[in-house]
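Notes follow the structure.
Order of listing sets the numbers, starting from 1, for every ligand and every atom in it.
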Amino acid sequence: MSRLRVGLLSNPTAALGTAHRVGRQVGNLLRLSGISVVDLSGSSAHVARARALEVRNTLTALVVVGGDGTVSLGAEVVANTPVRLGVVPAGSGNDFARALGLPENNPQEATRALLHALSRPVVTIDAIEITAASGTALPHRSLALGNVNLGFDALVNARANSASRGHAVRYTTAVLRELPAFRPLPYWLSIDDGERIDMDASLITLSNSGVFGGGMRIVPEARVDDGVLELVTLTGIGRTKLLRFFPRVFRGTHTTVEGFGVQPVQKVTVGLRNDRRLRAYADGEPRIDLPVTARVLPGAVRILAELKRGDR
Ligand SMILES: Nc1ncnc2c1ncn2[C@@H]1O[C@H](COP(=O)(O)OP(=O)(O)OP(=O)(O)O)[C@@H](O)[C@H]1O
């Protein structure tokens with residue numbers, strides 16, 4: 001019997017309830033390979049997190065089965081520990097898995113990739129830590145592996161989460177619904193502890209993986225293992241240009257849009273002026289209201305994946 005012990009955390013709510021079945025399949029396949037599997041799935045994210053934290057020290061790896069929200073939950077459990085994180089994409093939003101080129105819609109292939117990675121040297125990736133700039137303590141550590149959305153994209157996320165179709169369709173519909181009332185937002189930012197600057201922007205996104213919104217490669221050159229995050233800003237454009245911007249991201253021609261900027265950063269604090277309020281989203285899930293501080297945790301997560309040259 002292998003001495004490898006893997007915790008399996010599948011999100012029964014992901015992809016309208018289908019992730020749990022995928023989780024059972026992956027668990028069975030891992031057991032057939034001689035791995036000891038402990039099921040840590042719970043009736044809520046809170047329960048699953050507590051179960052995973054309880055046995056974390058006994059695990060070789062934690063395998064999460066779900067969408068981006070479940071991946072970030074897994075990252076929160078294993079970051080800065082020796083426990084490796086396996087990801088089986090089974091949510092309606094699988095942008096992180098897509099960025100890494102993980103097998104989608106194929107539990108057998110996904111399990112094979114996990115087993116292969118378990119036999120290979122450790123691969124680390126960066127994470128994003130999100131804290132309240134006001135200093136207010138959060139109920140638990142808040143991490144993301146993909147993106148922190150702080151602008152129009154956060155509003156779109158909020159709307160998309162309340163809908164019930166496939167993620168890419170939901171995202172597109174949500175863009176169209178949010179757009180008519182949208183105006184650029186009055187931000188203030190401090191980049192890498194620098195002086196506060198004011199900026200009116202439509203998009204402010206802090207990206208690790210470079211992929212968001214159901215497969216949009218917003219930062220094509222982003223890497224998850226370079227020790228920096230990409231601060232994406234979109235300024236000086238109105239609604240019509242914003243509407244045209246998203247199809248350009250799918251085509252990969254958005255990087256030349258005037259007002260689109262990408263800058264490598266390690267830490268950003270972002271707030272809104274004029275008493276405006278906005279909730280930050282990260283990896284598709286609501287986090288905290290602005291002002292927030294987000295910073296890179298270089299190499300914080302041991303990922304069960306191969307980062308091929310050219311992977312994000
Ligand atoms: N029992 C549970 N175990 C784990 N996560 C849960 C559970 N119940 C609810 N959740 C929540 O479900 C959220 C969404 O999960 P995830 O992103 O993995 O799936 P998804 O199908 O892509 O979801 P969505 O489309 O709603 O973003 C997670 O952030 C988590 O907080």
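Of all the heavy atoms of T13, the ones lying under 4.0 Å from any atom of ligand 1 belong exclusively to the side chain. With a 4.0 Å heavy-atom cut-off, ligand 1 is reached by no atom of A19. Counting heavy atoms under 4.0 Å from ligand 1, residue S92 touches it through both backbone and side chain.
For ligand 1, the atoms lying closer than 4.0 Å to a non-hydrogen atom of G42 are 1 (N), 2 (C). Annotation for ligand 1: atoms under 4.0 Å from non-hydrogen atoms of G66 are 18 (O). Those atoms of ligand 1 with a heavy atom of G91 less than 4.0 angstrom away are 21 (O), 22 (O). When each atom of ligand 1 is checked for a heavy atom of S43 under 4.0 Å away, the hits are 1 (N).
In this structure, I237 and P184 approach most closely via the heavy-atom pair O-CG, 4.0 Å. Of all the heavy atoms in V65 and L8, the pair that sits closest is CG2-CD1, 3.9 Å.
Ligand 1 has an N or O atom lying under 3.5 Å from an N or O atom of G67, backbone or side chain. Here's the thing with A48: none of its N/O atoms is less than 3.5 angstrom from an N/O atom of ligand 1. Considering backbone and side-chain N/O of G93, one or more are found under 3.5 Å from N/O of ligand 1. Residue contacts with ligand 1: P12 is placed with no nitrogen or oxygen under 3.5 Å of a nitrogen or oxygen of the ligand (distance criterion only).
The side-chain hydrogen bond (donor to acceptor under 3.5 Å, both in side chains) contacts involving residues 195-204 comprise D200-R273, where partners must be two or more places apart or lie in separate chains.
N147 and T205 share no donor-acceptor pair across their side chains, judged by distance under 3.5 Å alone.
Using a 4.5 Å heavy-atom cutoff, the side chains of V292 and T269 are not in contact.
With distances taken over non-hydrogen atoms, the option nearest atom 12 (O) of ligand 1 out of N11, D68, T18 is N11.
A side-chain contact (heavy atoms from CB on, under 4.5 Å) with R98 holds for exactly one of L102, D95, L100; it is D95.
Relative orientation of the H254 and F260 rings is perpendicular, given thresholds of 30° and 60° on the angle between their planes.
Take R302 and apply the salt bridge (Lys or Arg N to Asp or Glu O under 4.0 Å) test, not counting sequence neighbours, and it matches no residue.
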